[in-house]
Amino acid sequence: MNNDLVITINGSVDSVTYRNDDNGFAVITLNQNGTPLTVVGELGNVEEGEDLELTGTYTTHPKFGDQFKAECCIRSLPVEVSSIQRYLAGGVIKGIGPVTARNIVKAFGEDTFDIIENHHERLTEVEGITKAKAAVFNEEFKKVIGIRKVLTYFTRCKIPALYGIRAWKKYFTKTLSLVEENPYILCGYGIELPFLRAEEIAYDKGIEPDSYNRLAAGIKYILTENGFAGHTCLPKDKLCELATRLLKVDEDKINEIILSEVNEENLYIYLKNRRPFIMLREYFIAEDYISRRLSIMNSLAYDTRINYDEVIDIAEFDNDIIYAHDQRRAINIALSKGFMVLTGGPGTGKTTTLNAIISLFEQQGLKPLICAPTGRAAKRISDLTGYEAKTIHRLLGVKGGGEFIQFEHNENNLLDCDVVIIDEMSMVDTLLFEALLRALPIECKLIMVGDSDQLPSVGAGNVLHDIIESGTIPVISLTEIFRQASQSAIVTNAHKIVNGEMPDFSQKSNDFFFMQRLDFDSASDLTVELCLERLPKAFKMSPINDIQVLSPTRKGPLGTVELNKRLQFALNPPSREKSEIKTLLYTFRTGDKVMQTKNDYDIDWKKGDERGSGIFNGDIGIITKVNRILGSIEIDFDGRLCTYSATMLDNLELAYAATVHKSQGSEFDAVILPLLGGYDKLYFRNLLYTAVTRAKKLLVIVGSSKRVEFMVQNNRRTNRYTCLKNMLTEDSFGTLLPKGSDNSEDH
């Protein structure tokens with residue numbers, strides 16, 4: 001059978017094997033004049049008895065035979081009486097079962113759908129159907145017809161069903177009229193159709209290039225894309241430059257749209273150091289709330305000035321430990337004020353200090369909650385302290401997706417606690433920190449722990465850095481490396497790097513190695529060899545569970561994409577016993593190590609008797625099962641078992657090699673770090689420092705010492721546009737401009 005020829009076929013839905021109503025993916029049996037055919041694809045909420053026109057390609061499954069992969073699905077209601085009855089009997093309309101379906105079709109025949117939609121009062125002619133039931137059937141049918149029309153419309157526009165379902169959930173019966181009027185609403189939060197796809201629809205509809213809707217959507221698109229890059233705002237002049245380039249209109253028109261959107265409170269202007277910055281509504285609200293809430297908490301958490309030295313002395317005796325001067329200061333401030341940032345590099349005793357703080361809080365009768373931004377970070381701090389730690393999402397209780405992420409705990413349902421301790425604070429982004437603060441009792445103590453020299457969060461914002469730089473909140477920095485930690489070359493070299501010094505490659509250590517390779521092929525070969533053979537043999541480590549390859553970049557011969565392909569072939573090669581599924585970029589097979597690349601609050605998981613939802617950016621798991629007929633895979637994320645449908649695979653990638661950014665908050669027994677060539681702007685000091693500090697027992701750098709030296713000397717921190725620092729200081733140069741203001745003459 002020709003697997004490349006794109007054709008169109010017709011038939012009726014004989015049965016629905018599988019259907020995911022969240023993304024439209026389905027597996028059905030299509031009846032083609034009495035011949036059954038398995039069809040897979042984004043078919044929407046198809047029902048038995050429906051007539052379909054499908055465009056796509058044939059594929060051949062080694063076990064299940066011929067299948068048809070549908071790329072386009074146009075649906076129509078059945079017209080034959082027997083098909084109409086089967087369609088209704090399938091439960092598509094709530095309240096109509098097989099018996100009622102038979103009676104309705106017997107009464108109205110081929111006119112059944114017209115009666116239900118346009119003359120529903122006549123349904124009372126059927127025995128057992130009251131006026132109230134008839135009205136309910138009418139409303140339910142209109143919903144069914146509505147989403148069918150939406151999905152058919154999106155199919156004709158060659159837009160995946162996923163976006164049609166998102167649009168329906170957001171706008172319901174108004175979807176088509178709103179999209180017809182302004183296709184750019186599909187770019188909004190909760191639907192997130194790429195702007196250029198919306199441009200195609202708008203062009204077909206003859207929408208003018210200088211229309212208000214297009215320009216407003218383009219401006220928000222630029223701000224949204226920069227949010228993905230970590231910025232919560234953009235300088236107005238930079239935004240105008242980008243917008244004029246994207247939208248091909250003059251700057252005066254862009255300025256006019258910006259000010260109009262500010263008046264509508266869709267955008268905000270914030271004057272920072274006499275330079276206007278433009279913010280999306282959600283980021284302005286978040287940074288404004290964080291700054292006000294932290295200021296209130298700081299004022300309420302007044303310092304009692306009580307000296308807890310005697311209590312600390314007792315803790316030293318009980319734990320057979322001697323705390324350093326700065327550790328004692330941190331413990332004292334935590335107990336006397338209960339509002340602070342604790343920061344420091346590896347080996348400086350953050351965990352020891354934190355253990356003391358938690359223990360003494362409990363002795364005071366206070367209830368502490370410990371959290372971290374990722375599952376691996378939460379597990380790590382739990383293992384180190386012996387106290388239960390949760391992810392921030394799990395602590396707040398994710399209620400599901402939708403236009404805005406919602407949490408069970410918020411201003412109206414506060415967390416039951418006296419103290420909240422956040423570990424790996426450098427990873428906490430603006431929107432997540434806002435959500436956490438909203439759920440805290442106003443008198444709650446707050447201890448933020450992190451390493452300010454690490455990379456900032458994957459999400460937008462630079463929260464820990466901005467809080468420290470504002471100087472408005474007590475900060476204790478631990479700098480002394482303890483004797484035991486100083487015996488680790490990983491620790492000593494990490495501190496050299498952060499101080500702008502070259503790591504010592506001449507030192508003979510048992511945990512830090514540099515292996516020079518000056519060409520890409522040999523560096524790649526050695527990376528695979530170390531992971532596959534040398535480290536497992538020498539150190540009894542598992543290539544999958546203990547060893548992690550990290551790279552500064554996704555692209556290039558030493559980027560994660562190419563390394564993952566090589567490592568997958570070496571560590572988990574194809575075999576007849578392993579099922580696999582191919583996507584545009586990867587082949588996923590049973591046993592693969594994979595990573596989630598985007599927060600997904602709707603993925604259900606189970607862990608023993610526990611049930612929950614949400615798999616998040618950076619979570620690493622192992623594929624335990626591949627179902628090719630359904631196009632689905634099952635993954636184990638540290639004991640949380642969940643199922644991914646075919647359309648969810650776009651947010652998944654192989655994780656034998658991961659970027660340094662994605663490794664934040666995690667520790668691995670062994671890290672292999674290839675450093676050679678690459679784009680200079682991606683190779684800087686705190687990225688190298690972050691990579692080195694991910695290694696717990698062993699670090700191997702493969703590549704060029706000159707590249708390492710370049711990174712040490714390149715102290716270009718990740719530059720992020722935010723307003724939080726200025727909002728916290730509340731000086732005269734940080735001001736929310738009134739509606740309609742410009743004040744841009746001197747920027």
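Val458 and His661 get closest at one heavy-atom pair: CG2-O, 4.0 Å. Across all their heavy atoms, Pro552 and Pro674 have their closest contact at CD-O, 4.0 Å. Looking at every heavy atom in both residues, Gly461 comes nearest to Arg720 through O-NH1, 2.7 Å. The shortest non-hydrogen separation linking Pro346 to Thr693 is CG-CG2, 3.7 Å. The two residues Asp619 and Gly375 make their nearest non-hydrogen contact at OD1-N, 4.3 Å. Counting all heavy atoms, side chain and backbone alike, Gly347 lies closest to Val491 at CA-CG1, 4.2 Å.
Distance check: Ile497 CD1 to Met502 CE gives 8.5 Å after rounding to the nearest 0.5 Å. Separation of atoms CG (Leu673) and CZ (Arg694) is listed at 12.0 Å; rounding is to 0.5 Å. Arg328 contributes atom CZ, which lies 13.5 Å from atom CD1 of Ile476 (distance to the nearest 0.5 angstrom). Of the inter-residue distances, the one linking His393 atom NE2 with Leu432 atom CG reads 5.0 Å to the nearest 0.5 angstrom. Expressed to the nearest 0.5 Å, how far CD1 of Ile331 lies from CD of Glu316 amounts to 7.5 Å. Taking CG from Leu526 and CZ from Arg534, the interatomic distance works out to 6.0 Å, rounded to the nearest 0.5 Å.
With sequence neighbours left out, the side chain to side chain donor-acceptor pair (under 3.5 Å) criterion links Arg376 to no other residue.
Within 6.0 Å of atom NZ in Lys337, more than 12 heavy atoms from other residues, nucleotides or ligands are found, so the atom counts as buried in its surroundings. By the neighbour-count criterion of 12 heavy atoms within 6.0 Å, atom CD1 of Ile322 is sparsely surrounded, having that number or fewer from other residues, nucleotides or ligands.
Ion pair Arg566/Glu562 not flagged as a salt bridge, since none of the NZ, NE, NH1 or NH2 atoms sits closer than 4.0 Å to an Asp/Glu carboxylate oxygen. Look at Asp383 and Arg380 and you find no salt bridge, because none of the NZ, NE, NH1 or NH2 atoms lies under 4.0 Å from a carboxylate O. Between Asp669 and Lys696, at least one side-chain nitrogen of the basic residue sits less than 4.0 Å from a carboxylate oxygen of the acidic one, meeting the salt-bridge criterion.
Of the possible polar contacts, none joining the Arg640 side chain to the Lys607 backbone as a donor-acceptor pair under 3.5 Å is found. Of the possible donor and acceptor atoms, none in the side chain of Asn273 sits under 3.5 Å from a partner among the backbone N and O of Arg275. A donor-acceptor contact shorter than 3.5 Å links the side chain of Arg293 to the backbone of Leu440. With hydrogens and angles disregarded, a donor-acceptor distance shorter than 3.5 Å links the side chain of Thr430 to the backbone of Ala460. Looking at Gln664, its side chain does come within 3.5 Å of a backbone N or O of Leu455 through a donor-acceptor pair. With hydrogens and angles ignored, the 3.5 Å screen pairs no side-chain donor or acceptor of Glu501 with any backbone N or O of His495. A distance-only check finds no donor-acceptor pair linking the side chain of Asn715 to the backbone of Gly500 [under 3.5 Å]. In this structure, the side chain of Asn319 engages the main chain of Ala315 through a donor-acceptor pair within 3.5 Å. Formation of a donor-acceptor pair under 3.5 Å by the Ser359 side chain with backbone atoms of Ala356 is not found in this model. Remark: the backbone N or O of Ser666 is not paired with any side-chain donor or acceptor of Ser663 at under 3.5 angstrom.
Only one option out of Asn651, Leu654, Ile620 pairs with Met595 in a side chain to side chain contact (heavy atoms under 4.5 Å, CB included); it is Ile620. Tyr656 pairs in a side chain to side chain contact (heavy atoms under 4.5 Å, CB included) with only one of the listed residues (Asp592, Leu563, Val549), which is Asp592. Looking at Phe512, Phe668, Phe513 one by one, the single match for side chain to side chain contact (heavy atoms under 4.5 Å, CB included) with Leu698 turns out to be Phe513.
Residues Ser382 and Ile370 fail the side-chain proximity criterion, which asks for heavy atoms closer than 4.5 Å. With a 4.5 Å cut-off on side-chain heavy atoms, Tyr387 and Asn355 count as touching. Residues Ser336 and Tyr308 have side chains in contact (heavy-atom distance under 4.5 Å, counting atoms from C-beta outward). A heavy-atom distance below 4.5 Å is not found between the side chains of His465 and Pro456. Using a 4.5 Å heavy-atom threshold, the side chains of Thr353 and Thr348 count as separate. Counting only heavy atoms from C-beta outward, the side chains of Asp546 and Phe539 never approach each other to under 4.5 Å. For the pair Val463/Ser457, no side-chain contact is recorded, criterion being any heavy-atom separation below 4.5 Å from C-beta on. Between Lys593 and Ile622, some side-chain heavy-atom pair lies under the 4.5 Å cut-off.
Side chain to side chain, Glu287 and Thr232 meet the donor-acceptor criterion of an N or O pair below 3.5 Å. Under the 3.5 Å distance criterion, with hydrogens and angles disregarded, no donor-acceptor pair is assigned to the side chains of Gln454 and Thr690. Side-chain contact, Tyr689 with Asp451: a donor N or O sits under 3.5 Å from an acceptor N or O. A donor and an acceptor atom, one from each side chain of Thr722 and Asn462, are nowhere located under 3.5 Å apart.
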Could you walk me through whether Met297 and Leu437 satisfy the side chain to side chain contact (heavy atoms under 4.5 Å, CB included) test, starting with their C-alpha distance in whole Å, then the side-chain angles of each, then the deciding distance to 0.1 Å, before giving a yes or no? CA-CA 10 Å; Met297 293 178 75; Leu437 290 180; 4.2 Å; yes
Any chance you could lay out the side chain to side chain contact (heavy atoms under 4.5 Å, CB included) test for Phe339 and Leu294, step after step, and finish with the verdict? CA-CA 9 Å; Phe339 188 74; Leu294 290 181; 3.8 Å; yes
Can you list the steps and then say if Asp504 with Asn493 is a side chain to side chain contact (heavy atoms under 4.5 Å, CB included)? CA-CA 7 Å; Asp504 187 356; Asn493 282 325; 4.0 Å; yes
Evaluate the side chain to side chain contact (heavy atoms under 4.5 Å, CB included) criterion for residues Asn332 and Arg329: first the C-alpha distance (whole Å), next the side-chain angles of each, then the deciding distance (0.1 Å), finally the verdict. CA-CA 5 Å; Asn332 241 315; Arg329 280 185 60 219; 5.7 Å; no
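Ring pair Tyr721/His231 is tilted by interplanar angle, where 30° to 60° counts as tilted.
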